[in-house]
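Note that the coordinates shown come from a computational prediction; the quantities given were computed from them, not determined experimentally. Protein chains get the first letters and strands the later ones, always in sequence-line order, with residue 1 at the start of each.
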Protein chains: 2
Amino acid sequence: MTVTARQVPIHPPGPSGSPSAANLLVMTSSHRYLEMAEELESELQHVPVGSRVPSEHALASRFGVSRPTARAALQELERRLLVHRVQGRGTFRRGRLDYVISPAWPPSFSETLRRAGGVPGVRLISVAVRRAVEQECRQLALPAASAVWSVERVFTVNGEVAAYATSVLPYRALPGLDVALTGEPSLATALRRRYGIAVQRLRYRISLASPPQVIADHLTVDRTPTWLAESVNRTSHGTPIESARTYMRADVLNISFEMEERTP
Amino acid sequence: MTVTARQVPIHPPGPSGSPSAANLLVMTSSHRYLEMAEELESELQHVPVGSRVPSEHALASRFGVSRPTARAALQELERRLLVHRVQGRGTFRRGRLDYVISPAWPPSFSETLRRAGGVPGVRLISVAVRRAVEQECRQLALPAASAVWSVERVFTVNGEVAAYATSVLPYRALPGLDVALTGEPSLATALRRRYGIAVQRLRYRISLASPPQVIADHLTVDRTPTWLAESVNRTSHGTPIESARTYMRADVLNISFEMEERTP
DNA sequence: CAGTGGTCTAGACCACGGG
DNA sequence: CCGTGGTCTAGACCACTGG
């Protein structure tokens, strides 16, 4: 059985207009900016990441439309995650990195990014001690209201902000974590070097969410949806050691989440 | 909820404005549509899903802005997945369903949706037999160029199109699948009733992608990014039985992907 | 300083849905 | 039929980046 190739009725059959050409013009003229987007998208296929894309003004005159229309076309390409726009600088070809999460690989942002061919960076925003809330105690298998480290970090890839994470770790088990982190902002590395702990994934849950304003500011984006990963990591002995919430820009990273093969 | 309320500042703050007040106006007036979006977002928190949201025209007069500006505010809310707009009908509050994928649960779209509190529907688009490409043979553990069923389906939730899937299954193992599916569009149910096969997840990979135009048409959306799930299911004996590619609307479903707990 | 994108106006016509 | 959202124009001013 085939797909039937449903006959689509002609669109607005203009008043006795000339046959096909007229129909084509009518159809197209009401979606001019989408046509432009299609045309530009196909041209962009062969353009290297980071290249400059013509300006709104240039496109307006090339396609013979007003600037708002040319702008709409570029915004459409931005929604499709194909380009990246910066006020005062221009529009540029964008490429996303494939960030693969798998139970088989260690839970390090930097490691995962390097694997994807990116140059990772970490910036420590804050380290603080506070009492854990109920959910955090449950996830880390701690007594109620235990003291925990709260670590706030921003991650970059190829110089661009890509993610924001808040991690919560048990305080007693990790004395001097604040000092350890100021010299070595990679949490996985700090845990290994300072405490001999090799972290592994325990739980991971990912979804798509519109970030709160505060976090959107850290990510230097508007509040369009981003990845939200909620994770718990453990030591090689099975003890939960870190609970994290990570927001990741969907226009920079294409998260690809792989499920472990079940042993049959 | 009444309209107006909020005293809206006078618009064009003419030259020689008053000092600090003027500064405030300048700051705000350059992000008027975002201010509107913030205000509307907070109002929308308490609005039930499906409710009508004021029209562009109404908002323009309420906030004292032009229609394009009011429109920009509503589009911002749409990007944040808070509202849903239909030409000729209006703007409505949107709610996403939490679609949870976990190795522990059976790989049935309908089942998963019911679990999330939605009313699922399936529409069969096509069933066909063809030769498998190399990758499909590998995933299904079949000899090269084996015959396979290719099944195309569209899924709805609460009457709205939510997903589009193409499944590939071995032909020899499933005689008469086309007939079985015309009466029972749920693949999991058909496999169980007709062949006594209980499918389970084997592999699952999820990411975010801009769908091809053909699939965007099936989903009745523009080409904004959607979820793309690539999955392989197996029988209870471990034999791969289905390989699928599923596009799911991110504005309808919030996919939440859970990793199995590793046995320590 | 020129060029870029970001915002905004005040209109216009169209396609669509429902009464 | 009217009201909705979808598209478009031809301008305007602003904020930001870079040389």
Side-chain angles (χ1 to χ4, degrees), chain A residues 8-15 17 22-23 25-38 51-79 83-92 94 220-222 224, chain B residues 8-15 17 22-38 51-61 63-79 83-94 220-224:
Chain A
V8 178
I10 313 301
H11 232 82
N23 281 337
L25 280 176
V26 171
M27 275 182 57
T28 65
S29 72
S30 80
H31 296 290
R32 198 77 181 89
Y33 82 99
L34 282 180
E35 278 193 331
M36 291 175 61
E38 291 304 314
S51 304
R52 188 189 203 78
V53 173
S55 71
E56 296 180 355
H57 189 77
L59 290 176
S61 71
R62 166 178 162 193
F63 285 90
V65 297
S66 67
R67 185 160 84 97
T69 301
R71 177 179 178 73
L74 286 176
Q75 281 176 326
E76 175 66 24
L77 295 182
E78 191 176 32
R79 272 193 300 161
V83 303
H84 168 220
R85 321 189 68 205
V86 186
Q87 179 171 162
R89 301 221 307 131
T91 301
F92 306 89
R94 170 179 284 302
T220 65
V221 292
D222 53 33
T224 47
Chain B
V8 178
I10 314 301
H11 222 74
N23 282 337
L24 215 71
L25 281 176
V26 170
M27 276 183 56
T28 65
S29 71
S30 79
H31 295 289
R32 198 77 182 91
Y33 81 99
L34 282 180
E35 281 191 330
M36 291 174 62
E38 291 304 314
S51 305
R52 187 187 204 81
V53 171
S55 71
E56 297 179 354
H57 189 77
L59 290 176
S61 72
F63 286 92
V65 297
S66 67
R67 184 162 84 97
T69 301
R71 177 179 177 73
L74 286 176
Q75 281 175 326
E76 174 67 24
L77 295 181
E78 192 176 33
R79 272 192 300 162
V83 303
H84 168 219
R85 321 189 69 206
V86 186
Q87 180 170 160
R89 300 220 309 133
T91 302
F92 305 89
R93 180 72 220 268
R94 170 178 285 300
T220 66
V221 292
D222 53 32
R223 298 194 40 222
T224 47

Given C/dT7, C/dG5, D/dC8, identify the nucleotide with an atom nearest to the side chain of A/Arg85. C/dG5
Taking side chain as C-beta onward, heavy atoms only, is A/Tyr33 less than 4.5 Å from A/Gln75? no
Identify, with sequence neighbours excluded, every residue that meets side chain to side chain donor-acceptor pair (under 3.5 Å) alongside B/Arg52. none
Report yes if at least one side-chain N or O of B/Ser66 is closer than 4.0 Å to OP1 or OP2 of C/dG11; otherwise report no. no
Atom-to-atom span, CD of B/Glu56 to C1' of C/dA15 - whole angstrom: 14 Å
Atom-pair distance (CZ on A/Arg52; C1' on C/dG5), nearest Å: 11 Å
Looking at D/dC8, I'd like to know if its phosphate oxygens (OP1 or OP2) sit under 4.0 Å from a side-chain N or O belonging to A/Tyr33. no
Looking at residues at least two apart in the chain, or sitting in another chain, which of them share a side chain to side chain donor-acceptor pair (under 3.5 Å) with A/Ser55? none
What residues, two or more places apart in sequence or in another chain, satisfy salt bridge (charged side-chain N to carboxylate O under 4.0 Å, His left out) together with B/Glu76? B/Arg79, B/Arg80
Of the non-hydrogen atoms in B/Ala70 and B/Val65, which two are nearest, and what is the gap between them? N-CG2, 3.9 Å
Atom NE2 of B/His84 to atom P of D/dG5: distance rounded to whole Å? 12 Å
Find the distance A/Met36:CE to D/dT7:C1' and express it as a whole number of Å. 13 Å
Return the set of residues passing side chain to side chain donor-acceptor pair (under 3.5 Å) with B/Thr69 (not counting sequence neighbours), or none when no residue passes. B/Ser66
Interatomic distance, B/Glu78 atom CD to B/Thr224 atom OG1 [nearest 0.5 angstrom]: 8.5 Å
Listed in order of residue number, which residues of residues 67-76 of chain B have a non-hydrogen atom at under 4.0 Å from DNA chain C? B/Arg67, B/Pro68, B/Thr69
Contacts of B/Gly88 and A/Val65 projected onto DNA chain D by closest heavy atom; the upstream (5') one is B/Gly88
Once side-chain contact (heavy atoms from CB on, under 4.5 Å) is applied, do any residues pair with B/Ser61, and if so which ones, sequence neighbours excluded? none
Take atom NE2 of A/His57 and atom P of D/dT9, then tell me their distance rounded to the nearest Å. 14 Å
Could you give the CD-to-P distance, from A/Gln87 to C/dA2, as a whole number of Å? 19 Å
Given atom CG of B/Leu59 and atom P of C/dT9, what is their separation to the nearest angstrom? 13 Å
B/His31 side chain N/O closer than 4.0 Å to the phosphate oxygens (OP1, OP2) of C/dT7? yes
So the stems of DNA chain C, runs of at least three Watson-Crick or G-U pairs (under 3.5 Å), are C:1-18 with D:1-18
Please determine whether a side-chain nitrogen or oxygen atom of A/Ser55 lies at a distance below 4.0 Å from atom OP1 or OP2 of C/dG3. no
Answer yes or no: does a side-chain N or O of A/Arg89 lie under 4.0 Å from OP1 or OP2 of D/dC16? no
Could I get the full list of side chain to side chain donor-acceptor pair (under 3.5 Å) partners for A/Arg85, not counting sequence neighbours? A/Glu56, A/Thr91
Minimum heavy-atom distance between A/Phe63 and A/Arg32, given as atom pair plus value: O-NH2, 3.4 Å
Just how far, in rounded Å, is C1' of C/dT7 from CZ of B/Phe63? 17 Å
